[in-house]
**Q** 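My questions all concern the structure below.
The model shown is predicted, which means the values in this text are computed figures rather than measured ones. A, B, ... follow the sequence lines: proteins, then strands. Residue 1 opens every chain.
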2 protein chains.
Amino acid sequence: MRYTTDHKQQTREQILSAAARQFRERGFDQASVGSIMKEAGLTHGGFYAHFESKDELIANVIRGGFDQVSERFESQFNHLHGEDWLRTWVDRYLSDGHYHAMDRGCPMPALAGEIGRADAQSRHAFTELFEQRLRRVMKEVDAPQDQARRRVLAAVSQMSGALMLARTFDNQLADDVRSAAAEQAIATLVGRPA
Amino acid sequence: MRYTTDHKQQTREQILSAAARQFRERGFDQASVGSIMKEAGLTHGGFYAHFESKDELIANVIRGGFDQVSERFESQFNHLHGEDWLRTWVDRYLSDGHYHAMDRGCPMPALAGEIGRADAQSRHAFTELFEQRLRRVMKEVDAPQDQARRRVLAAVSQMSGALMLARTFDNQLADDVRSAAAEQAIATLVGRPA
DNA sequence: GATTTTATATGATGTTTATCATATAAAAAT
DNA sequence: ATTTTTATATGATAAACATCATATAAAATC
């Protein structure tokens, strides 16, 4: 079947989107090529017309995860600055919405565990994408570069750690972790005690 | 072969220890029953004399992970109190040793991602073990109960998040994350700005 | 020393997996 | 309208996996 020029590109994006969902929800191993292709509305064999291997798919999903999160945030909050921007960032990151959106949220709490076990090349790519994002957030922190960097690193650890833990806990504790981490992360970023 | 009364118990513990290592290093899926039994010096078939299923093994490894971490810490630092205890806790948690000991350290940064995808029963067990540990740490925080609870939750998120991220980054960034998180976590716990 | 008991080993089964060679069908080009 | 091109489908292959039935061998008991 020969479709319009960008039809293959569209299919590729459907595969990527299904993979992004399933990887976060089930993990790299349990999300099989077959089930990803099924969710994309195709059969398993066609996969290799789009990607060389499952590993290549994984690499692309990681890259896409950071891009999506950045784009979504930049487009919705480019009118905010400094402290307002930072507060909004933390609140959104630890919001109910993001907490429940394990299947499409930030790749760090959902995938970092598995990426930590990947080869050096994948880890390096992940590091570069993170640093890009780190520099962006640093811009909004009112402090000298090296101070700002330390504060953002501390806050990001806290935020992604809280989300990861909240998703493993049930009920009350999940909410408490998010709220406690949000309070401290904001305090750290704006440089005032909680 | 009929060995001494507790020989089976010893073998069971060797299986648990091999599983604890491999689960952290490779993840639940990639660590097969076969490879775990091989590391324990046995063949795969004998596994089912010790555990009903791989899931039961996973549940036992999670339980053991918390126990080990607690025991190790309590036995080595029961002479410390309050701020000293807390500082030592944070420093050890984010130390080079623990950073490199992915295969035998705290189960949270290594396994939380996968446990988040487990069934409600496993997640509930994990929650209970965590709460136990939480109450222990709270005792050393010099603040009213609810304040102490919030501070420890914030600090634990930060510490486990930092360790998880450090293990996915390469080199410099890994060190920076740990050091920034340690500084802020201590500040939070002792109630003084960094 | 013969018998019983039981911890571990062997080997088989059925399922799932990633990957690939080949087939099909429809759009595009002629 | 025929031919060419190519996106997807089918079906096969080989490996890995969890689980289980059965076998073996050695310690304990008599």
**Q** Let's see if you get this right: which residues in residues 13-27 of chain B place a heavy atom under 4.0 Å from DNA chain C?
**A**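 None, since no heavy atom is under 4.0 Å.
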
**Q** Tell me whether the rings of A/Phe169 and B/Phe130 are parallel (<30°), tilted (30 to 60°) or perpendicular (>60°).
**A**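 The arrangement is tilted - the two ring planes meet at 30° to 60°.
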
**Q** Once you round it to whole Å, what is the distance between C1' of D/dA9 and CE of A/Met37?
**A** 10 Å

**Q** Nearest to the A/Leu42 side chain among C/dA18, D/dT8, C/dA9, which nucleotide is it?
**A** D/dT8

**Q** Would you please name every residue forming a side-chain contact (heavy atoms from CB on, under 4.5 Å) with A/Glu74, sequence neighbours left out?
**A**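 For A/Glu74 the side-chain contact (heavy atoms from CB on, under 4.5 Å) partners, ignoring immediate neighbours, are A/Trp85, A/Arg133, A/Arg136.
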
**Q** Quick one: which of D/dC17, D/dC20, C/dT8 gets closest to the side chain of B/Ser32?
**A**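 Between D/dC17, D/dC20, C/dT8, the one nearest the side chain of B/Ser32 would be D/dC17.
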
**Q** Would you say B/Tyr48 places a side-chain N or O within less than 4.0 Å of OP1 or OP2 belonging to D/dT19?
**A** yes

**Q** Report the residues that fulfil side-chain contact (heavy atoms from CB on, under 4.5 Å) with A/Ala182, sequence neighbours left out, ordered by chain and then residue number.
**A**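 Expected list: A/Val90, A/Leu94.
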
**Q** Just the rounded figure in Å: distance from P of C/dA18 to CD of B/Gln30.
**A**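 Distance, rounded to whole Å: 11 Å.
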
**Q** Please list, chain by chain and in numerical order, all residues satisfying side chain to side chain donor-acceptor pair (under 3.5 Å) with A/Gln132, sequence neighbours excluded.
**A**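 In terms of side chain to side chain donor-acceptor pair (under 3.5 Å), with neighbours along the sequence ignored, A/Gln132 is linked to no residue.
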
**Q** Nearest-Å distance, CD1 (A/Ile36) to P (C/dT16)?
**A** 17 Å

**Q** Strictly by side chain to side chain donor-acceptor pair (under 3.5 Å), give each pair with a member in residues 170-189 of chain B just once, sequence neighbours left out.
**A**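 Qualifying pairs, neighbours excluded: A/His124-B/Asp170, A/Thr127-B/Asp170, A/Arg149-B/Asp176, A/Arg150-B/Ser179, A/Arg150-B/Glu183, A/Gln184-B/Thr188, A/Thr188-B/Gln184, B/Asp96-B/Arg178, B/Gln172-B/Asp176, B/Asp175-B/Arg178.
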
**Q** Under the rule for side-chain contact (heavy atoms from CB on, under 4.5 Å), what residues qualify as partners of A/Asp142, not counting sequence neighbours?
**A** none

**Q** For DNA chain D, what residues of residues 49-57 of chain A have any heavy atom nearer than 4.0 Å?
**A**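 Heavy-atom contacts with DNA chain D come from A/Ala49, A/His50.
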
**Q** Taking only residues two or more places apart in sequence or in another chain, which ones pass side-chain contact (heavy atoms from CB on, under 4.5 Å) with B/Asp84?
**A** B/Leu80

**Q** Can any side-chain N or O of B/Gln22 pair as donor or acceptor with the backbone N or O of B/Ser35 at less than 3.5 Å?
**A**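 Confirmed, B/Gln22 side chain pairs with B/Ser35 backbone.
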
**Q** By the side chain to side chain donor-acceptor pair (under 3.5 Å) test, which pairs, at least two apart or in different chains, include something from residues 46-56 of chain A?
**A**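 Side chain to side chain donor-acceptor pair (under 3.5 Å) check on residues 46-56 of chain A returns no pairs.
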
**Q** Are any protein N/O atoms closer than 3.5 Å to N/O atoms in nucleotides 10-15 of chain D? If there are, list each pair with its distance.
**A**
{"unit_1": "D/dG11", "atom_1": "O6", "unit_2": "A/His44", "atom_2": "NE2", "d": "2.9"}

**Q** Please determine whether a side-chain nitrogen or oxygen atom of B/Thr11 lies at a distance below 4.0 Å from atom OP1 or OP2 of C/dT8.
**A** yes

**Q** Which pairs count as salt bridge (charged side-chain N to carboxylate O under 4.0 Å, His left out) when at least one residue sits in residues 9-20 of chain A, sequence neighbours excluded?
**A**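 Counting only pairs at least two positions apart or across chains, no salt bridge (charged side-chain N to carboxylate O under 4.0 Å, His left out) contact touches residues 9-20 of chain A.
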
**Q** Calculate the interatomic distance between A/Lys38 atom NZ and D/dA9 atom P; express it in whole Å.
**A**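 Nearest whole value for this atom pair: 13 Å.
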
**Q** Test: side chain to side chain donor-acceptor pair (under 3.5 Å). Region: residues 98-109 of chain A. Which pairs qualify, not counting sequence neighbours?
**A** A/Arg21-A/Asp103

